[in-house]
Amino acid sequence: MLDIRLIEGIFSPAGALHAFTAAHGEAGGVASFCGQVRPGGGVEALELTHYAPLTLAGMEDIVQKAQARFVLDGALAWHRVGTMMPGEPIVLLAAAATHRRNAIDAVDFVMDHLKSAAWFWKREKRSDGWHWISPREADHEDIARWR
Amino acid sequence: MLDIRLIEGIFSPAGALHAFTAAHGEAGGVASFCGQVRPGGGVEALELTHYAPLTLAGMEDIVQKAQARFVLDGALAWHRVGTMMPGEPIVLLAAAATHRRNAIDAVDFVMDHLKSAAWFWKREKRSDGWHWISPREADHEDIARWR
Amino acid sequence: MIKVVYLGKLADIAREAQSDFASTSDGLGWAGLLDLLESHGSTELADAVRADTVKLAVNGQLLADRALLDARDGDEIALLPPVSGG
Amino acid sequence: MIKVVYLGKLADIAREAQSDFASTSDGLGWAGLLDLLESHGSTELADAVRADTVKLAVNGQLLADRALLDARDGDEIALLPPVSGG
């Protein structure tokens, strides 16, 4: 099962993961990663802009690459867009597989690619207004691991 | 926060993960892995025996090694003992960290070490009775990755 | 009419999320787009779009090379600066 | 009294989870333990415990070398075959 979504409001990672795991009772295991808006550093809000004609198709492409590379029973990739507050979830990934290494590696692979190859633009609100976030060098190093 | 437990009954991985994530709102992300009893192959039940004076201390030792190696805000390791049915969770791991690579790698590291270095003995019930499970060669290869 | 969509930081520089430009009988190419952005927008906008890291999509299809741009009436051009996602 | 705990497959071979052996004034060493297992249990049990992969713990402390065994009255010896956990 592939479950790939762009989400405009807040969502419950635990609820999503529970449903995904229940749908994959045949798998040996489920790996997941949930990224959340980090509080502190003066960040009051985070905004993710996307470009609808590319973004969801791009996420699907990344997850399909993961499916082609790792033996998976299913994968989930939910990504918030819009404005979110510190502590709120931004992205939830999950992969179910017979062998745990495939599940863990698939989550790792999809997260690296979402970071540097998915069509999201991020800005942070601080006390002095909004600031665009530039791509981090580390993100490009992370994706290079998979080549 | 370290939350390491041996659990004698069934538990809710989603509930545990929700509480762990809520306790780590300051982390950038939470990685997890949940292993469950695989249905099929004629397996009717799985039994995990442990040796109380060693098992929990051994799990704590593995998680502390992960903490020393990766920069973590917290880690959770819950492991069932006793008899469990197909589809039921066996083990839940979670790690919270500022940087996702640390969280994902910590889960991977702890799982590999639990598989080959924790004091659990596993047997499966099939139609013809109980069968002890031998260590898999792959488990030893997995742990060797971290040396 | 050709719609131009500004993503990320480019929307700040353009001071709008998108512009509608009148189409001509000729297609709109890369040089023509930069001229339009400079005349209807600002030199700053044209310069920001000219940066090598900005990619183009036409009707949701990424262009392999910006020099291939040939937009017609009804097309939507998206101007895509480097992403900072996840 | 010295308690011996059988883990995993060893409990099947011993047909019990643990045995209580009377202690003597001398400590119980590795050779003495194997003799006890053979006489009170079976040759099969003694052979299974003798396998290089079986480790010993005394009072919850793993022994680095089985030859170091020197159990006294009140001690608990655990016989630990290879794990198959997770």
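A quick note: this is a predicted structure, and the numbers were derived from the prediction, not measured. Only heavy atoms go into these numbers, but all of them, side chains included; no hydrogens, no water, no symmetry mates. Just so it is clear: chains get the letters A, B, ... in the order the sequence lines come, proteins before strands, and each one is counted from 1.
No more than 12 heavy atoms of other residues, nucleotides or ligands shown are found within 6.0 angstrom of CZ on D/R15. No more than 12 heavy atoms of other residues, nucleotides or ligands shown are found within 6.0 angstrom of CD on D/Q61.
Of the atoms belonging to B/I133, heavy atoms from both backbone and side chain fall under 4.5 Å from chain D. Neither the backbone nor the side chain of B/H113 comes within contact range of chain D; no heavy atoms are under 4.5 Å apart. Both the backbone and the side chain of B/W119 come within less than 4.5 Å of a heavy atom in chain D.
Under a 3.5 Å cut-off, the side chain of B/T49 and the backbone N or O of D/G8 do not form any donor-acceptor pair.
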Full working for side chain to side chain contact (heavy atoms under 4.5 Å, CB included) between B/R123 and D/D12 | CA-CA 11 Å; B/R123 56 179 190 160; D/D12 281 5; 4.0 Å; yes
Run the side chain to side chain contact (heavy atoms under 4.5 Å, CB included) check on B/F120 and D/L7 step by step: do they pass?
-> CA-CA 9 Å; B/F120 295 106; D/L7 277 307; over 6 Å; no
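Between chain B and the residues D/A11, D/P82, D/P81, the most heavy-atom pairs under 4.5 angstrom are made by D/P81.
Between B/P53 and D/E76, the closest heavy-atom pair is CG-OE2, 4.3 Å.
Put simply, the residue from D/L79, D/V83, D/L80 that forms a side-chain contact (heavy atoms from CB on, under 4.5 Å) with B/Y51 is D/L80.
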